[in-house]
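These numbers were taken from a predicted model, which means no experiment stands behind them. Remember, it's 1-based here, ligands and their atoms both numbered in the order they're listed.
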Amino acid sequence: MDSSLTTSVDSLPRPVDKDYALHRQRIFQEQSQKLLTFIRDTQALLEDLRQTNRSRFQVQYPQSLWHPDPAALSSTIGGSAALLTASASAASEESPRWDRRRSLLSEVSALDSSVVSDVGLDPTTPQALKILKLDLRLAHRASAVDGSSLVGSLEQGSIANLFDEQLAQSLAHLARLHARVADRSSKVLVTGDLNAGKSTLVNALLRRDILPWDQQPCTMLFCEVLDAGENGGQEAIHAVWDNHTYDPRDSGTFVLVHPDDLDDVVMDNPDNYQLLKVYTVDGRTDGDSLLRNGVADLALIDSPGLNRDSLKTTQLFTRQEEIDVIVFVVNSENHFTLSGQEFLTTAGKEKAYIFIVVNKFDSIRNKDRCRRLILEQIKQLSPHTYANAPELVHFVSATHMYAGGSGATGADPARSLAPEFSALEECLRSFTLEKRFTSKLAPAQRYLLNVLDDLLVLSRVNHTLAAQRVESINEDLKTAVPVYQSLLSRRQSASESANRLLDAACELVRQVTLQRLDAQLRRFSARAVDGPVLAAAPLALGPAKVEAVTSAPSVSSDEATLFATPETPVVSPTAVSTTVAEFHGSTESALDPDDLVAHVPWPGLLYTFHYIAQLKAFLLSRMEQELQQCELFTEDLVDRVTQQINDLMPEAGPRKPVHIPWDTIEEDLAAATAGAANGVLVDHHHTHDTARPIGDADVVATLNQERLAAEDAAAVGLGFPSVSLFDFSLSLSDLVDLRFEFDAAHLLSVTGASLGTFAMVASKLPLLGGGVFGPLDALARLARVGGFLGTFTHRGMRYLTLAGAALAGASLVVYLTADLDRTIRRRMVERLQRQSRTLRYAEHQSHILLHATHRAVRPFVWDVQTAYQHLIEHEERERAQKLEKRFVAEESRDYYRALIKKSDILSRLVNDVGLESE
Ligand SMILES: Nc1nc2c(ncn2[C@@H]2O[C@H](COP(=O)(O)OP(=O)(O)OP(=O)(O)O)[C@@H](O)[C@H]2O)c(=O)[nH]1
């Protein structure tokens, strides 16, 4: 117990002086007001903690609080044991309580440094919570395990709930204390062993033989004796079932007992009453009365003797806040019974003051020995009471309160009290008058200090844990930052690499397609004139071109290897010729695939137009095959590029299937570009597939319209001409114009200058034997020849002319027959090249393959970016959660830091109330 609550022996007994009592009463009022304020402040702290525990952060309740092992405490708190030990030893001359309190204060003042370890609990005085400890019976009523292990096994939520319960109980208790401190009356509970003489003692103190007494145990219920003034001045006996609802002005809350029936009710308690209220008038005047002395009211409560049955009930009764003083009556003949010992041990923790009255001392022969033995027992049971034995321990005889006399049945002013009894009365008066405020306020003060100490311990532990949490989260965040940064940079480099691979692949496909198609056209030119060329050079998309693409600064060495591998599909002449051979249904593979002469033999003059059609089909098929090679190249490249990009994924995994949208790419492109060209619609129904139609007649029929559309589209970058759009068939006039333009000199040298006119005429003649002229065309030409001949009037001249014409015609036929196939080939190839340029065929095909490549590869780039994005978002979520947790931990830390300060300040103020000060 706090030394501030002890009473010096010299100060008691003090003569009762009315003025002095009034003076003390005023002090009492002041102290009461202070305590009432502090009770409310403490209630506010607990309410706030309760709300915090419910809605902000749950209180942490480490095992060390339940099982105060010094090692566990110091390890839990991580405190500086040396600092605290020094602080404790410096204060060792003071009372243990002050020792600890000073240590706490020094720690709290060190709080400003924010060093958690400096506010650790004192390991030399391990503390368990006194008031705010968890009531584990609520959590595990039937458990046989000890508290610490049970606390360890509880969920945090359960602990928080139990703590909430405990706070609720404490708040309720504080509310009762508040009411109690505000109340002016004091209650004295007289308890003790069976038949110890409790009832006899109460009667002696009242100087009236009110309560029944007997040689055998007779008191079966609590009997509270109050001044009749509390009942409107009327003496009466109220039997009460429930003390909480009892109201002396409400007859419904009690049963009136006739004085003649008092003995029966007290001894048998047939109706199981909780309490008897006995309103009586003290046998003495107000000034001497214990019940009513003009300053404070007092009630004496006689209780059933302690035994196994009544012990719990009495302990419960003792805990009532209204009980200010306990008078424990011991039968000097029996000393302390087990029940008595247990009661004293328990009650000593609850109440500030316990009087011990050793009764029936008259019947003891060796009084000194008895006194010594009983004091020894008291020393063990209640050290505080022993320390204040002169005022708190009294050896008396209730039946011999008067000096030299025997039992008392009433006041007898003429007789003087026995010294022992007089001392007992004086001490009791001092308690109820002199020390009334301490007897009344001390329990409140004691409880407040205990609660505030618990708050200090709890808030310090929680502050430390929260600070440790903040530290640990900070550490986590520190290590998370590099991971996050590295993810960001990995994402960037992977994304860049993937995009570079995509771009490089697209560019390569574009260039390869352009070059192959152009090269094909150029080869046609050469073959059209020169005939077969053995060992034709492969298309120039080999290493030189690949190197040009991959040596761009943006392509990494890894990517370069992609394109520089030997598998780069450089299409070999053999492969091409095989394809051409398949086209002709021949197994011959030694031919130059572009040898027009070999693959499309000249069938003779009469089959000129058949030849043209065959040639056209062959040229188109070769272009088609070349395009197929480009597609094969694209597929192979896409396969390897997507594999490379898949390898850039943050976590290795199988590559998903590759899809090149051959079937829809043209339509998609047309739709996309048409949309991009503000609704310019190009009606292309042609479907691009790997087996394209060759020289389709239907398509040719719509040639002009489509070509116009294609050219228009090409002009705005929208057209996607296919091979089928080419129309480069030759007409007769084309052939003649061709001969005239290019071979006029040669023709003249054959027919002679005199036949120049015939040459001119012949140049206008229709060709014979073809059967392929349009009839109208032939007629028109014959008519023109007839008209021309009609201009010669001289007969001889006519013959000459006719002979010359015949000769010239024969020469012309020979000439034409000799070179016509070559001319047609050249002309066809030129037409093909011109149309290809007009339609920008190669550009558009390369454009299509580029887009197909892009569409096929792009999802893999996205996958890489998305995979990294997911990782980054996961990391960001984790970081956000940690930041949130840190925020809560910081809030918690700051909250408990503030609570430590508030609790400590309040605790000091409560402690400084100075109940013993004058
Ligand atoms: N010799 C002697 N006898 C006493 C003294 N005080 C009480 N007695 C007797 O002890 C017996 C019991 O007294 P009670 O007052 O009934 O004792 P109690 O403690 O109230 O009994 P319960 O409440 O029934 O446990 C009675 O016969 C009393 O006369 C005393 O001081 N000296």
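From the protein, the heavy atom lying nearest to atom 6 (N) of ligand 1 is N359 ND2, 3.1 Å. From the protein, the heavy atom lying nearest to atom 17 (O) of ligand 1 is G197 N, 3.1 Å. Given atom 31 (O) of ligand 1, the protein heavy atom at minimum distance is A398 N, 3.0 Å. Atom 24 (O) of ligand 1 has C218 N, 2.5 Å as its closest protein atom, hydrogens excluded (heavy atom only). Nearest to atom 9 (C) of ligand 1 among the protein's heavy atoms is K360 CE, 3.8 Å. When only non-hydrogen protein atoms are considered, atom 23 (O) of ligand 1 lies nearest to T219 OG1, 3.0 Å.
In this structure, E230 does not pair ionically with K277, as no charged nitrogen and carboxylate oxygen lie closer than 4.0 Å. Under 4.0 Å is where a charged nitrogen must lie from a carboxylate oxygen, and between K367 and E420 no such pair does.
Below 4.0 Å from some heavy atom of K198 lie the following atoms of ligand 1, by number and element: 15 (O), 17 (O), 18 (P), 19 (O), 20 (O), 22 (P), 23 (O), 25 (O). Below 4.0 Å from some heavy atom of L194 lie the following atoms of ligand 1, by number and element: 25 (O). Per-residue contacts place S199 under 4.0 angstrom from the following atoms of ligand 1 (heavy atoms of the residue considered): 15 (O), 20 (O). Each of the following atoms of ligand 1 lies closer than 4.0 Å to a heavy atom of W213: 14 (P), 15 (O), 16 (O), 26 (C), 27 (O), 28 (C), 29 (O). Close contacts of ligand 1 with G305, meaning ligand atoms under 4.0 Å from a residue heavy atom, involve 25 (O). Near S397, meaning under 4.0 Å from one of its heavy atoms, ligand 1 places the atoms 31 (O).
For the atom pair F395 CZ and D368 CG, the distance stands at 10.0 Å (nearest 0.5 Å).
Looking at T200, N331, N195, D362 and measuring to atom 22 (P) of ligand 1, the nearest heavy atom belongs to N195.
Annotation: T399 places an N or O atom under 3.5 Å from an N or O atom of ligand 1; distance criterion only. Considering both main-chain and side-chain atoms, F361 never comes within under 3.5 Å of ligand 1 through any nitrogen or oxygen pair. Note: no N/O pair closer than 3.5 Å links V396 and ligand 1 by distance alone. Geometrically, ligand 1 and H400 share no nitrogen or oxygen pair separated by less than 3.5 Å.
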Q. How far apart are the C-alpha atoms of Y246 and N243, what are their side-chain angles, what is the distance that settles it, and do they pass the side-chain contact (heavy atoms from CB on, under 4.5 Å) test?
A. CA-CA 5 Å; Y246 169 68; N243 195 27; 4.2 Å; yes
Q) Does the pair E165 and R50 meet the rule for a salt bridge (Lys or Arg N to Asp or Glu O under 4.0 Å), with working shown? A) CA-CA 9 Å; E165 288 278 332; R50 197 175 180 206; over 6 Å; no
(Q) Under the criterion side-chain contact (heavy atoms from CB on, under 4.5 Å), I'd like the reasoning laid out for C427 against L392: C-alpha separation, chi angles, the key distance, then a yes or no. (A) CA-CA 8 Å; C427 285; L392 296 180; over 6 Å; no
Q.
Set out, in order, the CA-CA distance, both residues' side-chain angles and the distance that settles ring pair (Phe, Tyr, Trp, His ring centres under 6.0 Å) for F421 and H394, then state yes or no.
A. CA-CA 8 Å; F421 200 85; H394 300 271; 9.6 Å; no
**Q.** Verdict with supporting geometry, T385 and F328, side-chain contact (heavy atoms from CB on, under 4.5 Å)
**A.** CA-CA 11 Å; T385 309; F328 189 84; over 6 Å; no
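Residue contacts with ligand 1: A196 is included, with a non-hydrogen atom under 4.0 Å away.
A donor-acceptor pair under 3.5 Å is formed between the side chain of S332 and the backbone N or O of K360.
Contacts with ligand 1 closer than 4.0 Å are made by backbone heavy atoms (N, CA, C, O) of D214 only, the side chain lying farther away.
For the side chain to side chain contact (heavy atoms under 4.5 Å, CB included) with F38, the lone residue among L448, L174, V181 that qualifies is L448.
For Y386, the ring-ring contact (aromatic ring centres under 6.0 Å, His included) criterion is met by no residue, not counting sequence neighbours.
Within a 6.0 Å radius of NZ in K379, no more than 12 heavy atoms belonging to other residues, nucleotides or ligands are found.
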